[in-house]
Asker: 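I am attaching a structure below and will ask some questions about it afterwards.
The chains referred to below are lettered A, B, ... by the order of the sequence lines, with proteins before strands, and numbering in each begins at 1. Please read these numbers as outputs of a predicted model, since none were measured by experiment.
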There are 2 protein chains.
Amino acid sequence: MRGPMQLHVKARATRLNPDRLFGQVAHRLAVAIITGGSPAGSLLPNEDDLKGEISVSRTAYREAVKFLSGKGLVEARPKSGTRVAPREAWNLLDPDVLAWHFEADPNEKFIRDLFELRLFVEPSAARLAAQRRSEADLRLIETAFRGMVENPPYAEPTVRADLAFHEAIFAATRNPPLQCLAPAVSATIQWSLFLKAPDDRFFFTASLIDHERVFDAIVQRDGDLAAARMSGLVIDSLNSTLGLLAARTEANASKIA
Amino acid sequence: MRGPMQLHVKARATRLNPDRLFGQVAHRLAVAIITGGSPAGSLLPNEDDLKGEISVSRTAYREAVKFLSGKGLVEARPKSGTRVAPREAWNLLDPDVLAWHFEADPNEKFIRDLFELRLFVEPSAARLAAQRRSEADLRLIETAFRGMVENPPYAEPTVRADLAFHEAIFAATRNPPLQCLAPAVSATIQWSLFLKAPDDRFFFTASLIDHERVFDAIVQRDGDLAAARMSGLVIDSLNSTLGLLAARTEANASKIA
DNA sequence: CCTGTTTCTATCGTATGACTTTATCCGGGA
DNA sequence: TCCCGGATAAAGTCATACGATAGAAACAGG
């Protein structure tokens, strides 16, 4: 049912410490909520009953709930209980919430939505980066790009370099709120790589060229060009990912039949 | 030092319950952090010492910290203490974090950044809304617009209607991650209204016309037109807000002199 | 005198039990 | 029928104790 999870590279330091007990509880609850195992409106195990469900103290459990409530995933009220919040209340752009989605089966609509958002934001970000980048920004972007070229396709260092490339562009915009969207972009990249058959060299080469063209435009300080090329990159990535999603769906369908 | 806070209308249900004790603690800590009262890297009051600072139990304090840590504002580690995280780690698009900014003096750079983000996102959102809106969506947008027209300028119902107008457009995009940016848009609107002298009727009328033109484009299902008009609306709002910020800065300067 | 190791200790993390507050539910009375 | 008020269940708060961990300081060896 669940694909191998540990494959995906974490894009940014998550706020949840997996070493701590409350962190593990928060993770478990969050995954149950996001996968739909606990539908909206359903009650979480009662704070006293949880001794049977999971053996953990009220303290740890309550801290986990506070952590999740801050992201809009749950809502606790005296007497009525702690309930799973409706999806509209979730902060879907929160890095942790995005990361937890990788533990669920790929949701095509969600991935399309993220790409759509990315298509709106990242070309504009590339434009700003081209206009505002410092030499230091440029070095960061270049280092990331070389990391993509010099490592084997779809290997972990390559993925990390890909994420670093896009993050460095966001950093060059000098717009902190805008930078907060970097995790959403990272998520789409990780989804496309998560879904990808690791022998698809054609897409990888094309992607490399897309990245190089964006980088060149930023070097030239040509904002419009950078934006246009970033649009191309995102669209290529989207099409490739949609193809993979379709293939996957088809494979599942035939497996059932 | 601090302006009247209660003026601003809350854009969306905040995740923090102000009735609860831990919520008040979280609020206090958050405001101290965001205003810069507690600079990055500084330690929060020790969990045991806090009895002197604020009379609250460790439980409530720790739950407040967990709430904030989920938004990246603080980072707790054994032995070293709980520290204020660097601003790059903050989730500036989180509804609560945005709201807490209203308790600090206006930060021009931050407001400009939010408008910049809005300028990238909201025209695209309007385009999608024009293409995808249902009749129900349209009614919601129209109701909000009428609320702006029929109430006195800068009154609370008017502000709420303004926020509802933009939120309804986001809702019509049918893109949940994109909708998560609505609070950021709401924040800019609230900032501009927070700064505004309540007798500035010229801007209000212009804003009303801008809104009507956007609405018409969405009615006509003309995506490009809706996007263009929304760009105009955002730019007008930005210019007006920047003017107010400049006036305010000037007033402060002369007050000091 | 410098460096690496051990011990110490402050601080967060977890557990537990008692008590308080809140809001829902339900029944009794107008 | 409607309104009011008490019973009640769940989260919220508190106090205390102990465990775990990472810095810091003391110490031993070079």
Asker: Check side-chain contact (heavy atoms from CB on, under 4.5 Å) between Arg146(A) and all other residues, then give those that pass, not counting sequence neighbours.
Answerer: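 Result, side-chain contact (heavy atoms from CB on, under 4.5 Å) vs Arg146(A): Glu142(A), Glu150(A).
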Asker: State whether Ser57(B) places a side-chain N or O below 4.0 Å from either non-bridging phosphate oxygen (OP1 or OP2) of dC14(D).
Answerer: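 So the side-chain polar atoms of Ser57(B) do come within 4.0 Å of the phosphate oxygens OP1 or OP2 of dC14(D), strictly under.
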Asker: Looking at Glu75(B), I'd like to know if its CD atom is crowded, meaning that more than 12 non-hydrogen atoms belonging to other residues, nucleotides or ligands lie closer than 6.0 Å.
Answerer: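 For Glu75(B), atom CD is not crowded (no more than 12 foreign heavy atoms under 6.0 Å).
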Asker: Mind checking side-chain contact (heavy atoms from CB on, under 4.5 Å) for Thr188(B) and listing every partner two or more places apart, or none if nothing turns up?
Answerer: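 Thr188(B) satisfies side-chain contact (heavy atoms from CB on, under 4.5 Å) with Leu114(B), Phe115(B), Arg118(B) only.
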Asker: Mind checking ring-ring contact (aromatic ring centres under 6.0 Å, His included) for Phe110(A) and listing every partner two or more places apart, or none if nothing turns up?
Answerer: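 If we apply the ring-ring contact (aromatic ring centres under 6.0 Å, His included) test to Phe110(A), skipping adjacent residues, the hits are His101(A).
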Asker: Would you list the protein and nucleotides 18-24 of chain C atom pairs, both N or O, that sit under 3.5 Å from each other?
Answerer:
{"unit_1": "dA18(C)", "atom_1": "N6", "unit_2": "Arg58(A)", "atom_2": "NH1", "d": "3.2"}
{"unit_1": "dT24(C)", "atom_1": "OP1", "unit_2": "Arg77(A)", "atom_2": "NH2", "d": "2.5"}

Asker: Please list all pairs meeting ring pair (Phe, Tyr, Trp, His ring centres under 6.0 Å) that have one or both residues in residues 167-192 of chain B, counting only residues at least two apart or in different chains.
Answerer: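 Listed once each, the pairs are Phe102(B)-Trp191(B), Trp191(B)-Phe194(B).
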Asker: Which listed nucleotide (dA11(D), dA15(D), dA15(C)) is nearest to the side chain of Thr59(B)?
Answerer: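 Ranking dA11(D), dA15(D), dA15(C) by closest atom to the Thr59(B) side chain puts dA15(D) first.
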Asker: Find the distance Glu75(A):CD to dA10(D):C1' and express it as a whole number of Å.
Answerer: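 Distance, rounded to whole Å: 15 Å.
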Asker: Residues in side-chain contact (heavy atoms from CB on, under 4.5 Å) with Arg112(A), at least two apart?
Answerer: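 So Arg112(A) forms a side-chain contact (heavy atoms from CB on, under 4.5 Å) with Glu108(A), Leu242(A).
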Asker: Can you tell which of dC14(D), dG12(D), dA15(C) lies closest to the side chain of Leu21(A)?
Answerer: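 Looking only at side-chain atoms, Leu21(A) lies closest to dA15(C).
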Asker: By nearest nucleotide on DNA chain D, pick out whichever of Gly81(A) and Glu63(B) is the more 5' one.
Answerer: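 The answer here is Gly81(A).
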Asker: Using whole Å, report how far CZ of Arg62(A) lies from P of dG13(C).
Answerer: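 Arg62(A) atom CZ is separated from dG13(C) atom P by 16 Å.
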